[in-house]
Asker: 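Take this structure first; my questions come after.
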Amino acid sequence: MASTTTKTQTDTLVQVTNLKTYFYTEDGVVPALDGVDFHLNKGETLAIVGESGSGKSVTSLSLMRLIPSPPGKITAGDIVFNGESLLSKSEKEMRALRGNKISMIFQEPMTSLNPVFRVGDQIEESIMLHQQMDRKQARAEVIRLFQLVGISEPERRVRTYPHELSGGMRQRVMIAMALACNPQLLIADEPTTALDVTIQNQILQLMKDLKEKMNTSIVLVTHDLGVVAEMADRVVVMYAGQIVEQNDVFSIFENPKHPYTEGLLRSMPGNQPRTGNLYAIEGVVPNPLHFPNGCRFAPRCEYAKALCHSSMPETINYSDEEAVRCWKYTEAWEELA
Amino acid sequence: AGQVRKGFDPSRVGGKVILTSFADAVSLTPLTTSDSASNDIQGMIFESLTDLDINGQPIPGLAEKWTYDAATLTYTFFLRKGVTFHDGKPFTSADVKFTYDMYMHKDSVNSYKSSFESISSITVVNSHTIKFKLNKKDAFFLVQGANDGGILPKHQFPKGIEDYNNNNKIHRSPIGTGPFKFKQWKADERIVVVANKSYWAGRPYLDEVITRILPDSNVETINLLKGSVDVVEALNPNQVSQVAKDGDLKTMVYDQGGFHYVGFNNLNPIFADAKVRQALAYGLDRQSIVSKILLGKAYQASGPLHPKIPQNNPSVKPYEFDVERAKKLLDEAGWKVGSDGIREKNGKKFEIEVAYNAGNVIREKVSQLAQQNWKKLGVKVTPRKYEWSIYLDRLYKGQHDAYILGWVGYDGNVEHTGFFHSKEARDSEGKGGNNTSRVNDPYVDKILESYTVETNAQKRFKLYQDLHKHLADKQNVIYTYHPKLTAGLDENLANVKPSLSDFFWNLEDWYWKKGVGGR
Amino acid sequence: MNTNAQLTKPQSHSSPNEAEILVSVRDVKKHFPIRGGLFDRVQGYVKAVDGVSFDIRKGETFGLVGESGCGKSTIGRAILRLHEATSGTVEFNGQDLYQLSDSKLRTMRREMQLIFQDPFSSLNPRLSVGETIERVLKIHHMGDRSAREKRVQELLELVGMSPYHIRRYPHEFSGGQRQRIGIARALALNPKFIVLDEPVSALDVSIQSQVVNLLEDLQKQFGLTYLFVSHGLSIVRHISNRVGVMYLGKLVELGEADELFERPKHPYTRALIASNPIPNPRLRGLPKMVLQGDVPSPISPPSGCRFHTRCPLAEARCKQEEPAFIDQGNGHFAACHFPLN
Amino acid sequence: MFVYIVRRTLQAIPLLFIISIISFTLMSFAPGDPADMFTDPESETSEEQMEVIRERLGLDDPVYIRYAKWLKLVILEGNMGFSFEDGRPVTEKIFERIQGTLTLMITATILSFLIAIPIGIFSAIRQYSKLDHLITFYSFLGIAVPTFFLALIAILLFSLKLEWFPPSGMRSDEYFDTFNLLDRLKHLALPALVISFGLIASFSRFMRSSMLDVIKQDFIRTAKAKGLSPFKVIFKHALRNALLPIITLVGLELPNLFAGAFIVEQIFAWPGMGRLSINAIFIRDYQVIMGVTMVTSVLVVMGNLIADILYAAADPRIQYNKS
Amino acid sequence: METRSAAIWKRFRKNKLAVAGLIIFALLVLMAIMAPWISPHDPEVFDIMESNLPPSALHPFGTDSYGADILTRIFYGARVSLSVAIIAMTFTVTIGVLYGAISGYFGGLVDNIMMRIVDAIQSTPTFFFTLIVATLMVPGMWTVIIALTVFGWTRMARIVRGEILSLKERDYIEAARASGESNASIIFYHVLPNMIGPIIVIATLDVAGNILAESTLSFLGLGIQPPTPSWGNMLTSAQDLPTIMDYAWIAVFPGLFIVLAVLSVNFIGDGLRDALDPRSKK
Ligand SMILES: Nc1ncnc2c1ncn2[C@@H]1O[C@H](COP(=O)(O)OP(=O)(O)OP(=O)(O)O)[C@@H](O)[C@H]1O
Ligand SMILES: Nc1ncnc2c1ncn2[C@@H]1O[C@H](COP(=O)(O)OP(=O)(O)OP(=O)(O)O)[C@@H](O)[C@H]1O
Ligand SMILES: [Mg+2]
Ligand SMILES: [Mg+2]
């Protein structure tokens with residue numbers, strides 16, 4: 001079941017190394033991404049989970065090179081997509097990729113579509129831009145995509161405005177738009193958070209089907225572990241701008257290493273006895289302007305020791321797939337014990 | 001074309017002149033309105049039985065000649081033959097009769113009815129002879145009754161008085177006999193008249209006269225400088241130098257019949273005492289008004305009669321600027337200097353407001369000069385400007401303490417009844433004549449009355465010379481100055497000769513030098 | 001599993017008297033008019049709540065779930081008379097709220113409070129935390145200045161915040177902290193009853209539990225009664241004694257929390273539960289019941305059973321006949337012609 | 001849509017009614033007697049006919065009778081009375097000039113838009129740049145300079161010194177009988193620019209803040225994620241959304257626009273309703289004042305209606321049946 | 001812990017332009033107060049002979065066409081212009097805010113009627129009605145202020161109403177109602193403070209508008225009477241060809257002070273808006 005196939009170089013679609021994205025605000029520097037390493041294999045779904053503000057969206061926007069600048073800037077590291085470094089590409093070259101080889105779905109289907117244009121036109125625009133089709137061909141393509149994402153009466157629906165569609169429909173439109181040019185990489189930033197569970201279920205099933213059909217690789221950003229369990233092959237757990245743990249989905253759920261991952265899993269109401277208090281990770285996420293010197297999770301960590309508060313743990317890479325950033329798994333820890 | 005007037009020079013023919021007017025005309029049918037914009041244009045299109053020379057003396061107009069029978073008080077006018085209206089219809093005595101019927105009709109809405117009061121009946125003798133019988137002696141009949149309104153084409157007014165009063169089509173496309181024919185009127189833009197080529201006295205030199213409506217004196221001057229108008233009738237004093245500097249333009253200073261004054265309500269207890277009025281007159285520096293405010297473009301006034309007319313009494317001199325004398329007069333009048341330096345009498349302080357109309361810069365300056373001057377006498381003055389309609393309202397109701405105003409546009413036919421006669425005084429509700437200063441002086445009334453019936457010119461002038469002296473003494477209003485105006489015009493425009501009362505007096509003789517035909 | 005017909009959970013705090021009913025909602029309807037046409041006349045109604053009846057017992061937590069737009073918030077507000085109901089009655093402690101005068105109502109408001117979903121828009125950004133809470137006390141003339149200040153401190157401590165936060169402004173807090181401030185504000189007047197409109201939906205998973213725990217502790221401590229509105233099924237199941245399920249302005253099922261989740265009677269409830277993703281990757285392959293389509297418009301709801309357009313079990317009868325909301329045994333109510341077993 | 005327009009028009013009727021009552025009442029308080037305006041204390045005219053004129057003007061009736069008469073005329077004959085000054089129907093006098101005013105105002109509005117929108121966009125996407133600060137400064141200047149002053153300076157500079165444009169009027173003497181577009185445009189240029197000066201200042205400010213709001217929106221990110229060029233993102237996706245609030249603004253600015261146009265008409269000798277009404281005010285020509293007031297109000301109401309229709313056309317979310 | 005006003009002041013001080021605006025404005029006000037002591041000449045005495053003199057040691061800003069010292073008139077003019085602008089602004093803000101707040105908060109029929117009245121006032125030719133208002137009273141500073149107020153409050157009312165319509169949907173308004181707060185105190189404590197931004201912006205624009213409107217009124221003889229100077233007055237009387245072409249200083253100096261006042265007020269407004277908002281950066 002686990003994706004343990006031996007990995008060759010060509011299997012890797014995206015390789016992110018030591019990525020640092022900082023925001024230079026009036027109040028100070030926000031290290032939204034502070035040395036992030038992960039990779040994504042072809043045909044794989046990678047879930048990024050983490051607390052609000054941990055840098056999930058910044059990661060996805062960095063992959064698109066859509067960090068608002070100013071104040072944001074990618075200050076270090078590299079993103080290699082299909083063997084090419086995205087960071088050394090010109091803006092024009094990036095534009096050729098966006099919406100074409102790499103596309104993105106956003107959290108808010110309500111506000112992510114331009115309210116004053118018909119939904120069909122908004123997709124056509126993308127198709128005509130990247131695939132040298134004329135308007136008529138593009139329209140046919142849009143209708144095909146609408147059928148693909150399960151929108152009934154596509155001929156009529158292409159002429160509607162976003163506000164005339166329900167949330168679920170709009171998210172389908174967003175997906176159709178993202179799939180328009182057969183992207184190799186689909187980034188979905190909380191695609192279902194704003195939706196009802198019933199609709200979320202429909203959308204998740206749809207994404208799964210499409211992935212099978214089109215063999216797209218997906219980066220799925222979410223904070224819902226249920227969605228992760230449903231969709232992901234591998235999971236990256238982020239906390240305060242850093243990756244604290246990554247592993248295949250089964251290991252993450254069954255054998256979480258990092259105390260934060262563990263806490264997250266234990267906090268899920270469905271995962272605990274229905275009596276007594278819920279398990280809770282106490283405390284709040286640190287202010288990104290003043291991250292603690294040591295492990296950023298230390299102030300909330302049950303296991304934290306003096307060491308954790310004083311210095312930052314290195315990432316321990318067990319394999320290509322598995323990594324954790326915690327003192328608990330170091331020799332130093334054992335010495336303390 | 002008809003005959004040719006004396007001295008007509010065909011080489012001068014041609015070209016157009018662009019004039020300006022602050023306001024649009026209201027109606028082009030004579031006497032239906034009293035605004036100067038309308039009057040000026042009417043003057044180009046219509047003619048009366050008599051015309052006036054540059055001194056205001058009656059000369060033949062549509063009447064070739066006339067006789068007067070003193071016994072029956074009857075004028076007989078012999079009309080010019082062969083004259084046609086601009087639409088080609090002949091002019092006859094029927095038109096004259098019709099015209100006067102209109103002017104004198106009881107429902108006629110015109111502001112000049114008093115000019116015709118002395119007419120008792122009009123009889124058509126034949127197609128070109130007409131008799132006017134008067135009901136009293138009228139020294140001014142030839143220059144008022146026979147001159148004050150153009151002759152209308154009867155055939156244009158099928159509904160008679162109703163057309164005269166209300167027919168806008170007629171009001172806006174007039175037909176007369178005059179040197180210019182009406183061509184076009186675009187509201188708030190311009191009014192165009194063109195030469196009447198078959199004018200009985202020979203066509204005017206100019207082909208076309210355009211009056212552009214430019215509502216602001218800065219704009220007027222700019223257009224003159226720019227060459228988009230040819231003549232500005234009266235430049236603002238401080239804009240004269242600007243125009244003078246321009247090589248393509250010339251300026252022309254000319255006299256305007258009239259006088260300016262600081263008025264009072266003579267019924268106001270403060271001003272009822274002649275000594276007070278005299279004191280204020282002595283205390284006002286007229287010399288400065290003329291030299292500094294008007295930059296020399298005026299005559300100091302000694303009374304209401306312009307120095308260029310025979311009624312003026314040259315022996316009457318303007319009041320000196322004499323502060324000591326003024327103070328003495330005030331002391332005599334019982335106004336004693338109070339502790340704060342302001343005079344008072346019977347516990348009442350000598351504090352007055354000097355009103356003027358908003359937008360009139362010269363009057364604003366005069367009011368401020370008066371404030372400064374009279375302060376030295378112990379009189380506290382508050383200058384105060386009013387929007388025109390409010391200014392008038394208060395003026396008519398006698399609510400201003402003192403006000404600054406003028407009385408302009410007269411010539412040798414001046415007649416001051418309206419201004420000084422007690423029967424013309426306004427009542428407290430503001431009804432009545434133009435005697436807004438409420439002068440009530442039996443001596444003045446008597447002179448004014450004799451003057452209108454005295455047909456001997458020399459005796460008549462003498463009456464006003466006496467009046468001049470009397471008024472100067474009384475200072476019912478403080479006479480400040482007689483105006484001179486400065487016109488700005490194109491260097492090449494020739495023969496512009498304003499009379500005391502009419503800038504366009506000889507418009508038909510204006511011409512372009514060297515045949516330039518305008519710029 | 002808890003299968004007996006006990007009305008409250010065994011672990012329940014204080015001991016709520018089964019019979020004692022705090023809030024009684026009877027056939028409440030709330031129709032929002034839609035205006036239009038030439039004379040701006042009412043052209044139709046959004047039937048946000050269309051005849052809902054239930055009781056909330058003293059000391060219990062009544063959960064309300066359902067898809068977005070089904071009328072959960074509207075009923076919550078109608079109970080507090082923040083919306084005037086179109087018809088029906090709401091009794092609070094035996095008093096008909098809709099008969100109260102404005103001033104009486106304002107006094108009554110001490111007894112019942114509201115906590116909002118959005119921690120960002122529910123606090124006045126111009127007032128400091130202290131001012132926000134103190135205002136509530138001031139309106140009801142509770143104590144003098146120093147007494148009020150003391151109380152504010154108490155309240156902040158009660159919700160787990162430091163007194164030095166008093167002078168801070170809402171924007172300086174995280175979502176969880178703001179929600180605590182909102183709770184403190186609601187508690188300031190010692191209410192008996194609180195409507196919680198999705199109080200944790202906007203919070204991170206790790207923070208959600210903190211707030212839920214706090215709510216439970218406070219309930220225990222003060223004997224509070226909650227109406228807990230949410231679409232997070234697991235949370236509702238955890239916190240509620242009884243749960244009502246709404247669909248298109250109607251209550252379709254009501255019962256003991258565990259009973260309802262274990263043995264849903266209404267197909268809609270079952271679909272809702274099935275849609276909830278299970279946080280276990282090993283179970284992902286299992287066939288799911290996917291509810292097709294969207295919720296129909298509340299302006300012209302479907303005839304008969306409102307769910308029939310999406311119901312996998314619907315039959316002809318469902319289209320014509322509206323099912324009654326009846327007890328299917330043990331106080332487990334459902335409105336379905338073909339209840340599940 | 002049709003229903004919407006009809007409804008809005010019907011709604012305007014009571015509004016116009018209120019305006020007419022307010023205006024009429026206020027006017028009856030105005031000092032100064034219109035009959036007096038037909039006399040001139042500065043030259044030799046007699047005023048014995050004043051009573052005749054007063055009667056003709058109907059000034060002896062009480063206010064409410066005059067109002068009733070006026071209203072009757074308006075409703076029954078669609079005529080707004082007769083000018084005191086020359087006895088012509090007010091409608092006719094207004095009709096002669098309305099085209100001038102509208103031409104000026106519409107041109108000025110369009111001109112302002114054409115200039116203000118790019119400026120606003122630019123200062124939004126280059127927020128806090130030097131140019132942005134410069135534009136901010138300009139917009140304060142636009143508020144601080146009185147129209148009459150600006151007009152005079154403009155005439156001196158562009159007409160007298162540079163000789164680019166004629167200083168006054170609506171057309172040259174040559175083109176009174178034939179229409180010459182170029183000549184008209186030349187005459188239109190200065191007055192329109194002067195009116196625009198202030199408008200550009202405020203429109204660009206609003207455009208800037210509206211644009212700043214829009215470019216933060218999610219759908220802009222979506223557009224970028226599609227790979228669209230920045231030009232398309234701004235001018236296709238952002239612009240139309242940013243324009244929406246500006247459309248309403250124009251409707252609200254209309255009354256001020258009229259006021260500004262009136263002053264400009266005076267200085268540029270532009271034949272329009274402004275001069276008509278200023279003259280009417282000075283001579284207390286009540287019927288004309290009423291007429292101009294009503295026509296301006298109708299234009300304002302219509303302008304707002306058009307703004308709303310445009311808004312609805314530009315924003316598909318607006319439904320006509322929602323008020 | 002600092003008090004709220006101290007916090008506001010601290011934030012305000014951070015904004016350099018706002019502080020500069022405040023200093024300039026304070027100087028202008030000081031100038032107005034101190035006019036009798038710092039003026040080089042007597043404002044009431046002038047000699048027409050001395051008119052149109054360019055700036056010199058004796059007349060630092062030159063003299064105008066009446067021969068009055070421009071600097072002196074600017075000092076005295078500040079009194080009128082600043083008082084008129086600020087007092088009238090205070091009135092328009094008070095009336096406009098209250099009116100708009102009531103209309104927007106209560107909505108429905110009340111709103112409909114109240115807004116139609118605003119429409120009516122806004123569509124009438126202000127010029128004429130200002131004239132009437134002004135002439136019904138004795139001309140002077142207060143006439144100007146009242147005239148400016150009567151027709152100046154509608155814009156504020158409109159904006160405030162619009163803001164309220166959106167604000168009143170916020171949860172914290174509902175929370176206030178839920179806790180038994182009365183309508184009046186909801187408006188004062190929760191609604192108005194949250195729209196202080198737009199209110200300040202309009203208010204500062206009004207100050208500028210009032211300075212200029214005063215001159216229009218005075219020009220018509222309805223306002224401040226000459227020789228009492230006001231900046232607007234001075235600028236208006238300089239609108240004449242030779243003045244602009246040959247004696248530019250007559251227009252330039254009052255113009256400069258108007259611009260200075262307008263800019264400083266707007267900068268203060270911007271600074272104040274940010275300082276009053278606890279969310280703005282410290
Ligand atoms: N435009 C920006 N300017 C300044 N800081 C920013 C900006 N965008 C993001 N950040 C900061 O970067 C950090 C990471 O934000 P990010 O949006 O990636 O969080 P997230 O994990 O997606 O959270 P959420 O679950 O709330 O979407 C946060 O601390 C945020 O404040
Ligand atoms: N003020 C209102 N005017 C008109 N319609 C309204 C109003 N408030 C709510 N509605 C409508 O009433 C219905 C029920 O709304 P309500 O907010 O109660 O739903 P909800 O169950 O709370 O949904 P959510 O989960 O999205 O909060 C919706 O269709 C909504 O559009
Ligand atoms: Mg995010
Ligand atoms: Mg809700």
Side-chain angles (χ1 to χ4, degrees), chain A residues 26 57 60-61 63-68 70-71 91-119 121-131 159-164 170 173-174 177-178 180-181 183 186-187 189 194, chain D residues 1 117 121 123-133 207 210-248 307-322:
Chain A
E26 277 173 42
S57 297
S60 14
L61 289 174
L63 288 173
M64 296 287 280
R65 270 192 46 202
L66 278 179
I67 294 293
E91 176 56 28
K92 204 172 161 210
E93 288 166 331
M94 267 321 288
R95 283 210 297 274
L97 282 182
R98 283 185 207 132
N100 190 14
K101 294 278 175 287
I102 310 176
S103 55
M104 192 158 177
I105 312 172
F106 298 98
Q107 170 169 3
E108 282 289 337
M110 307 293 168
T111 55
S112 295
L113 287 166
N114 193 328
V116 302
F117 296 114
R118 295 175 199 277
V119 291
D121 295 346
Q122 295 189 46
I123 302 178
E124 272 170 36
E125 188 182 32
S126 183
I127 295 173
M128 279 155 51
L129 179 70
H130 294 295
Q131 300 201 322
R159 283 196 304 276
T160 56
Y161 287 97
H163 74 276
E164 298 169 278
R170 271 184 255 190
V173 170
M174 283 301 292
M177 186 187 292
C181 304
L186 176 65
I187 303 166
D189 189 353
Chain D
M1 175 80 183
I117 289 171
I121 292 176
S123 55
I125 56 182
R126 296 260 186 289
Q127 203 187 357
Y128 303 129
S129 66
K130 282 221 175 61
L131 204 93
D132 183 27
H133 289 304
M207 189 66 206
S210 172
M211 197 71 191
L212 280 177
D213 281 348
V214 170
I215 55 181
K216 281 187 206 128
Q217 307 261 318
D218 289 348
F219 59 79
I220 294 301
R221 200 178 48 186
T222 309
K224 286 183 189 161
K226 278 194 271 192
L228 296 180
S229 64
F231 183 86
K232 259 206 155 162
V233 171
I234 294 296
F235 285 92
K236 184 170 173 194
H237 285 264
L239 182 58
R240 191 153 152 202
N241 284 279
L243 277 179
L244 292 175
I246 310 289
I247 296 176
T248 325
D308 287 353
I309 292 172
L310 277 180
Y311 192 104
D315 187 350
R317 286 165 294 188
I318 301 295
Q319 284 159 18
Y320 295 108
N321 54 8
K322 296 250 168 70

Asker: If I measure from the heavy atoms of chain D, does A:Glu164 come under 4.5 Å with its side chain, its backbone, both, or neither?
Answerer: neither
Asker: Which atoms of D:Ile220 come close to chain A, meaning under 4.5 Å heavy atom to heavy atom: side chain ones, backbone ones, both, or neither?
Answerer: neither
Asker: State whether the side chain of A:His130 and the backbone N or O of D:Lys226 hold a donor-acceptor pair below 3.5 Å, judged by distance alone.
Answerer: yes
Asker: Taking side chain as everything from C-beta outward and backbone as N, CA, C, O, which of these in A:Ile105 sits under 4.5 Å from a heavy atom of chain D? Side chain, backbone, both or neither.
Answerer: neither
Asker: Against chain D, work out which of A:Arg98, A:Glu91, A:Met104, A:Arg65 has the most heavy-atom pairs shorter than 4.5 Å and name it.
Answerer: A:Arg98
Asker: Looking at A:Ala178, A:Gly99, A:Pro68, A:Ser112, which has the largest count of heavy-atom pairs under 4.5 Å with chain D?
Answerer: A:Ser112
Asker: Quick check: does any side chain N or O of D:Thr222 sit under 3.5 Å from a backbone N or O of A:Leu113, one acting as donor and the other as acceptor?
Answerer: no
Asker: Can you tell which part of A:Met94 gets under 4.5 Å to a heavy atom of chain D, answering side chain, backbone, both or neither?
Answerer: neither
Asker: A:Ser103 versus chain D, heavy atoms under 4.5 Å apart: side chain, backbone, both or neither?
Answerer: neither
Asker: Would you call D:Lys232 and A:Glu125 a side-chain contact if the rule is heavy atoms closer than 4.5 Å?
Answerer: yes
Asker: Can you give me the closest heavy-atom contact between A:Arg95 and D:Pro230, atom names plus distance?
Answerer: NH1-CD, 3.2 Å
Asker: Specify the closest pair of heavy atoms between A:Pro115 and D:Asn241, including all atoms of both residues, with the distance to one decimal.
Answerer: CG-OD1, 3.3 Å
Asker: Write down the atom of A:Phe117, the atom of D:Arg240, and the distance for their closest heavy-atom approach.
Answerer: CE2-NH1, 3.5 Å
Asker: Taking all heavy atoms of D:Arg221 and all of A:Leu66, pick out the closest pair and write down the distance.
Answerer: O-CD1, 4.2 Å
Asker: Examine distances only and state if a side-chain atom of A:Asn114 and a backbone atom of D:Phe219 form a donor-acceptor pair shorter than 3.5 Å.
Answerer: no
